[in-house]
Amino acid sequence: MAYYPFVIEKGEGSKVWDLDGNEYIDFLTGAAVNNIGHCHPEIVKAIREQSEKFIHNTLGYSFYELPVLLAEKLASLTPGSFRKRVAYSLSGSDANDGAIKLARSATGRQKIISFLGSYHGTTYGALTLTASALGLKKRLGPLLPEVYHVPYADCYRCYFGLEYPECGLHCIGFIESLFKILIPAEEVAAFVLEPIQGDAGVIIPPREFLREIKRLCEENGILYVDEEVQTGFGRSGKMFAIEHYGIEPDVLIVAKAIASGLPMGALISKSELMEEWIAPAHLFTAEANPIVCAASLATINVVEKERLPEKAEETGKRVMRRFEEMKERLEIIGDIRGKGLLIGIDLVKDAKKTPARQEAMKTCYRAWERGLIMISFGRFGNVLRIAPPLNISPEDLEKALDIIEESIIDVVEGRVSDSVLGEMSAWG
Ligand SMILES: Cc1ncc(COP(=O)(O)O)c(C=O)c1O
């Protein structure tokens with residue numbers, strides 16, 4: 001599957017090159033993974049040095065220092081001043097599976113509540129939680145039992161057709177009514193939710209929405225599982241996006257940018273929750289691989305040293321301003337949503353907000369032809385995904401934004417042929 005015929009040969013900072021030597025600015029960063037840019041010298045050094053010491057040791061049988069150092073770091077960075085424990089895995093998907101297992105074993109309850117529009121991955125647990133694209137689940141059932149989906153606070157395209165704030169957060173009232181007729185709250189182990197839905201098209205809920213979910217958790221003994229696979233490590237302008245909402249989750253899930261793309265996921269939870277796990281409840285032979293841990297420690301060090309959350313916040317504001325200017329001239333831009341450098345540009349066909357999916361795909365194609373890697377995503381596939389490295393230079397940023405503006409204009413003015421769609425494969 002590919003969005004356009006691009007074959008990467010190498011990457012450096014915010015640029016990538018294809019096999020023919022063509023240069024591109026990278027606004028995809030491997031799907032919000034290369035937050036610190038491609039091949040950051042400190043990561044390359046950490047990987048090289050560790051690979052000369054030892055490459056593998058199964059953590060289930062004997063210790064080494066790196067996973068402990070990393071666990072201490074993760075515990076100190078994540079919200080909550082309580083004692084924490086860390087469990088490792090190999091991806092965001094299996095970390096989500098781990099969260100389901102943890103929530104069930106710690107509470108003795110089975111039901112899990114997830115949200116429409118969410119993407120959590122493709123292993124069976126994560127896939128069951130996911131509700132963002134039909135193609136992901138077709139012919140794969142049955143999935144896990146006792147997982148329920150409820151509407152997320154998507155206020156631009158409300159599931160109930162309402163307007164915020166006049167709606168009075170009907171989506172929360174809806175969950176409360178389900179607690180009365182379908183899902184006994186005392187049987188619910190956890191809510192699992194992204195603080196900002198990524199693949200749904202950068203859906204930023206009102207502050208009260210997440211705080212109300214937290215209230216429902218506290219009132220009913222339900223665990224709050226904060227899914228930060230895409231939003232973590234500075235992407236949203238904070239180390240973790242939940243910090244925008246002032247919530248201390250019981251469990252936090254990370255992956256993607258944690259090790260600059262080397263395979264790793266992790267669960268960070270209140271210590272007592274993991275004490276209910278009987279070893280080896282969530283074990284992987286290659287978990288917390290020493291090279292991956294070294295890369296992760298180096299990545300986090302760069303995020304902190306280069307003040308990347310703050311940089312993402314500042315740069316994100318500049319990007320949003322630039323799109324606001326474009327929106328005044330280009331009616332196809334329906335909505336601009338973003339925090340830090342997690343930004344989505346919602347393209348529409350008309351004032352009724354009809355999603356402009358093909359136009360979004362064509363914009364990405366034309367942008368690629370002009371030297372920018374960018375994809376479209378979202379519930380309706382019509383949102384331009386703006387996710388550059390957090391330390392992108394102002395020059396590369398401006399150049400990329402120029403390319404996007406020119407590409408949108410080309411599409412609007414009919415200069416990009418429908419035939420390019422045949423070469424593209426976006427998720428369905
Ligand atoms: C929010 C979120 N959760 C989970 C995943 C799955 O992670 P992985 O592909 O590493 O299994 C993704 C990947 O895009 C994601 O965006």
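Ligands are counted one by one from 1 in listed order, and the atoms in each one are counted from 1 as well. Only this structure's heavy atoms are used, side chains among them; waters, hydrogens and symmetry mates stay out.
- Within the structure, salt bridge (Lys or Arg N to Asp or Glu O under 4.0 Å) pairs that include any residue of residues 72-81 comprise Lys73-Glu304 (at least two apart or interchain).
- Taking the charged nitrogens against the carboxylate oxygens, Asp396 and Lys15 do have a contact shorter than 4.0 Å, which makes a salt bridge.
- On a distance-only criterion, Val229 and ligand 1 share no N/O pair closer than 3.5 Å.
- Of all atoms in ligand 1, numbered sequentially from 1 with element shown, those under 4.0 Å from a heavy atom of Ser91 are 10 (O), 11 (O).
- Listed by atom number, the atoms of ligand 1 under 4.0 Å from Ser93 heavy atoms are 6 (C), 7 (O), 8 (P), 11 (O).
- Applying the ring-ring contact (aromatic ring centres under 6.0 Å, His included) criterion to Phe6, with sequence neighbours excluded, gives Tyr24.
- Taking a cut-off of under 4.0 Å to the non-hydrogen atoms of Glu227, the atoms of ligand 1 that pass are 1 (C), 2 (C), 3 (N), 4 (C).
- Aromatic ring orientation, Tyr4 versus Trp368: parallel (interplanar angle below 30°, classes split at 30° and 60°).
- Contacts between Ala255 and ligand 1, counted as non-hydrogen atom pairs separated by less than 4.0 Å, are absent for every part of the residue.
- At a threshold of 4.0 Å, the pair Arg318-Glu398 counts as salt-bridged, since one of the basic side-chain nitrogens sits closer than that to a carboxylate oxygen.
- Of all the listed residues (Met264, Lys256, Glu194), Lys256 holds the heavy atom that lies closest to atom 14 (O) of ligand 1.
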